[in-house]
Structure formats: structure tokens, C-alpha cells
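For clarity, every value in this text was computed on a predicted model and none was experimentally measured. Naming: A, B, ... by sequence-line order, numbering from 1 per chain. These values consider heavy atoms only, across backbone and side chains, with no hydrogens, waters or symmetry-generated copies.
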Number of protein chains: 2
Amino acid sequence: MTYSEENYLKVIYHLSIGSSKGITTNAIANEMESKPSSVTDMVQKLAEKGLVIYKKYQGVSLTDNGRFTALMIVRKHRLWEVFLLEKLDFSWDEVHDVAEQLEHIKSEKLTDKLEEFLDFPTEDPHGDPIPDREGKIKKVDKKLLSEVEAGKKVICVGVKDSSPAFLQYLDKQQIALGSAIDIIAKEDFDMSLTLRVHDRQMTVSNKIAANLFVKTV
Amino acid sequence: MTYSEENYLKVIYHLSIGSSKGITTNAIANEMESKPSSVTDMVQKLAEKGLVIYKKYQGVSLTDNGRFTALMIVRKHRLWEVFLLEKLDFSWDEVHDVAEQLEHIKSEKLTDKLEEFLDFPTEDPHGDPIPDREGKIKKVDKKLLSEVEAGKKVICVGVKDSSPAFLQYLDKQQIALGSAIDIIAKEDFDMSLTLRVHDRQMTVSNKIAANLFVKTV
DNA sequence: ACTATTTTTTAGGTTAGTCTAAATATTATT
DNA sequence: AATAATATTTAGACTAACCTAAAAAATAGT
């Protein structure tokens, strides 16, 4: 397994979530910031190795073997994210690039020992579930704030838009990872929301709500 | 900096310790389990980048820049070894392969935070010193047991020969990493040593002593 | 249903890092 | 000092992973 093959499998896995159809070479090239022709090459190689199913012009999908391999990479990525945040005091936006490298370290023992050291976390700091060593994965309860109905209580677990402007806005409103949010009301006219965060009441636009990931409690 | 360039620098650094002359392409090829012709290619590339000094048929040596780069890789390798042993309960012989991968992770912040997390260790589990972030490195006081004079007290920090036969022998004699050893006498005839380990007295051959690294206390 | 547009694949080329075999330089031997 | 042995470099080839440009297939528009 090369570094590059692993990256392709990971991207195909992520694109497969939700869409049941074959993943197009264009979609993969886009995600990997490479060219469709390069993707065609690699995808043929992965098909020969039995990791994906590929028919010309029809897109690709993962085999069981390919999915398992992808899940083990995702597992490593998310465990390392927990490590960086909890043990090394990395901030939210700093973990990704480093985890992107660490996910390729090959040692089952390391992965399992790390999981134990972190006390068997079931989700990463963004609220995404961590596959176990058999590849089993908890169903996600992460949603966009805009999709939750009024009256519910939720916890902030991540952002969709991670631009400085948005992060600074959240900072100003004192909304952070782990903040408890009560959804008091939803305005039908513009889909804006009235929230209570840390005993402070506020109103946020639909655009804000559509970029904030929360998990229901 | 590619993975491969980093490995060459690291090997050249290790071979440079002790020998003040230029390092031969053959020596490098040997250490890397590759061919001398491949080494010539790479060494020319490293010379163009100003990391080594190279004149045809004369061997290579590191520039200041090259030495610093090598030291930063050694720093990462040894910090990760400490992490694996102390935090994840890896055993002595399991750390090397994994550290060999982890040493290539590129993130100054990660390295510095890891060092802090481990409480600024100054040597790794084999008794080798860990360079600081400026590349400063403590002088080694690690020696072979056979080179220490009678009467001294030492601590076992590593092995030169790591064959199962030798490790099993040490196990049987209850000599482990960290064991305190008193050197009671040295026999002139065959250079065998009389030792006290854990209040038990024993005699070991020169061959044994010449494969055991210790640090003087 | 036929043409225009877009998507995907094929063909051929590039770079990094490796190799083998041949050529050349250095070192050792007598 | 000349030759034999060894070490090192050069030349040319290979693979993995990428690219561009052209060809082929699929999709969309009228």
C-alpha cells in the first residue's frame, strides 16, 4: 500500500458517504486537486488489486476489502486528531494537516495502543465517529444546526465553513467546540434561529446555522 | 525535503559520528541497503541543494545546513521512541520501526509539543541524547561495558548485538534496560568481567561485555 | 433524433528514485 | 612503478505517479 493509494481510497470512501452511485473520476480529481486522467490510471490499478470496482465511464465504488482499508485510515486519522487536541493542546484548525500525515503510519500495534492511551474514544473532536479495529463505526448523529427543529438542545461539534471570518464571528458570540445550545425558536420567514448559549440569548441567520455542525443530546 | 533525502541525510549523519573523513558512497549504500550508483545520484542532488559537500571519488560530508536537518530528524526519531516506550508501553525492540516512520512527520509544532508532553527528555531509551530545537546535543556518555574500568558503577542502556540469542541470554541473567551494574573485577587473561547485578554476582565473557552499552553514573 | 457540450479515457511525455552493466578512478600488491 | 584488485561513477533502463493534448463516449439541448 503506497501513500498515494491510501489517499485515493480515503477520498473515495468519503465521497461514497451518502451517494450510492459510482464515484466519478472527476469528483475524485477535484477532491485530490489532481487531474481526471491521473485518477483513471490509479483507479485501474486499485481495481486490479481488488480494492475498488471500476467499469469504464461508470465511476468507481469500494469493495469490502477497499472499504475496510479506507476505514483503517480514517480510524488512524481521527485517533491522532484526538491525541493532538487532548494531549498536545493543538487547536481546532491545526490538527488536520498533521493528522493527514500521521494517518499513513503503518503499525497496527501503534494504532491500538494509541486508542487505549486515549481511553477508547468513539468520536473525534469534530463529532465524527472513530471506526474500531474491526472497522465497525457508530452511526453519526452530527447535523447542521439549520436542520434541527426548534425546542431541541444540541452541542456544537464543528463547522462546515472554516474561513477566518466565520471562526472570528463564532469567537465573538462565544460559541466554541462543546458549547451547549438551546434552540428556542425558528423564524419561518427567513429561517433565522433564536438560541440560548451560556445563558445568553441571541439570534443567528440561516447562513450561520447552515455552517455549524451540532450533535443532538 | 523528500522522505528519501531525509533518510540519506540521517544515514550520513550517523556514519559521520567518529569518522572525521568523508563518508564513502559504498558505506552509505551498505547502510541503506541500496546500491552505490543510487547513492552517487542522490548525493549529487543533495550537494546541489547545499546539504552536503561532495567531490567525486572523495566521499561526502554534511554542511552546517545538512547537519541541522539531520539533527532535526534524529530529534524526532528519539522523541517518538520515548513516547512509544513511556506512554504506549512498547517494548525495547518494537520502537525502532515505528519511530523510523514517525521521524518523517513534518510539523515543528508537533515536535515541540511532543517534547513538552514528555517533559523535555534529554536522552532516548537507548541512552542516546536528544537534540533540542536549536540542534544542540548533549555529549554521549554511552560506552560498551568492555571499555569501562573495574570499580565503576554503570547502568545498562542498550545492546550492540540485538539477536534473539543475546537478548535471551540477558533475560536469563536478569540484565535489562536500566539495570544497575557494579564492575567488581576485570580478568587480564581473557578480559572477562566480574559483575554485581541486583545483588547477584556473576562473571561474563568479553564478548558479552563488548555487546552491552552502559552509561557511567 | 441529431448535434453540441461535457466527461472520461487513451496516448505519450516528465520527474524522482531506483537498478544493472560498463567505464573510469583509486588503492594495494609485488 | 606497473599491474591487479577494488571502489566509484556514468550510461541507459525501469516503475510509480503525475501531467497535457487528443480521441472517444456519455449527456444535454433543441
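A/D161 and A/S163 are linked by a side-chain donor-acceptor pair at a separation below 3.5 angstrom, with hydrogens and angles left out of the test. Looking only at atom types and distance, the side chain of A/E108 has no donor-acceptor partner in the side chain of A/T111 under 3.5 Å away.
One atom, CD of A/E33, and another, P of D/dC18, lie 13 Å apart when rounded to the nearest Å. We find that OH of B/Y8 is positioned 14 Å from P of C/dA16, with the value rounded to whole Å. Rounded to whole angstrom, the span from the CE atom of B/M42 across to the P atom of C/dT15 amounts to 16 Å. Counting to the nearest Å, the P atom of C/dT18 and the CD1 atom of B/I28 are 12 Å from each other. Distance B/K21 NZ to D/dT8 P: 12 Å, rounded to the nearest Å. Nucleotide D/dT15 holds its P atom 15 Å from the NZ atom of A/K49, rounded to whole Å. One can place CD of A/E5 at 10 Å from P of D/dC18, the figure rounded to the nearest angstrom.
B/S4 comes within 4.0 angstrom of sugar-phosphate atoms only, judged by non-hydrogen atoms across all strands, and of no base. A/Y3 comes within contact range of no nucleotide atom at all, as no heavy-atom separation falls under 4.0 Å.
The cationic atom of A/K109 (NZ for Lys, CZ for Arg) lies less than 6.0 Å from the six-membered ring centre of B/F90 and within 45° of the ring axis. At least one cation-pi condition fails for B/K160 and B/F166: the charged atom is not both under 6.0 angstrom from the six-membered ring centre and inside a 45 degree cone around its axis.
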Going 5' to 3' along nucleotides 8-14 of chain C, which nucleotides have protein heavy atoms under 4.0 Å from the base (write B), which only from the sugar-phosphate (write S), and which from neither (write -)? BBB----
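Under the side-chain contact (heavy atoms from CB on, under 4.5 Å) criterion, B/P125 pairs with B/E81, B/V82, B/L85, not counting sequence neighbours.
A/F83 has its ring centre less than 6.0 Å from the ring centre of B/F83.
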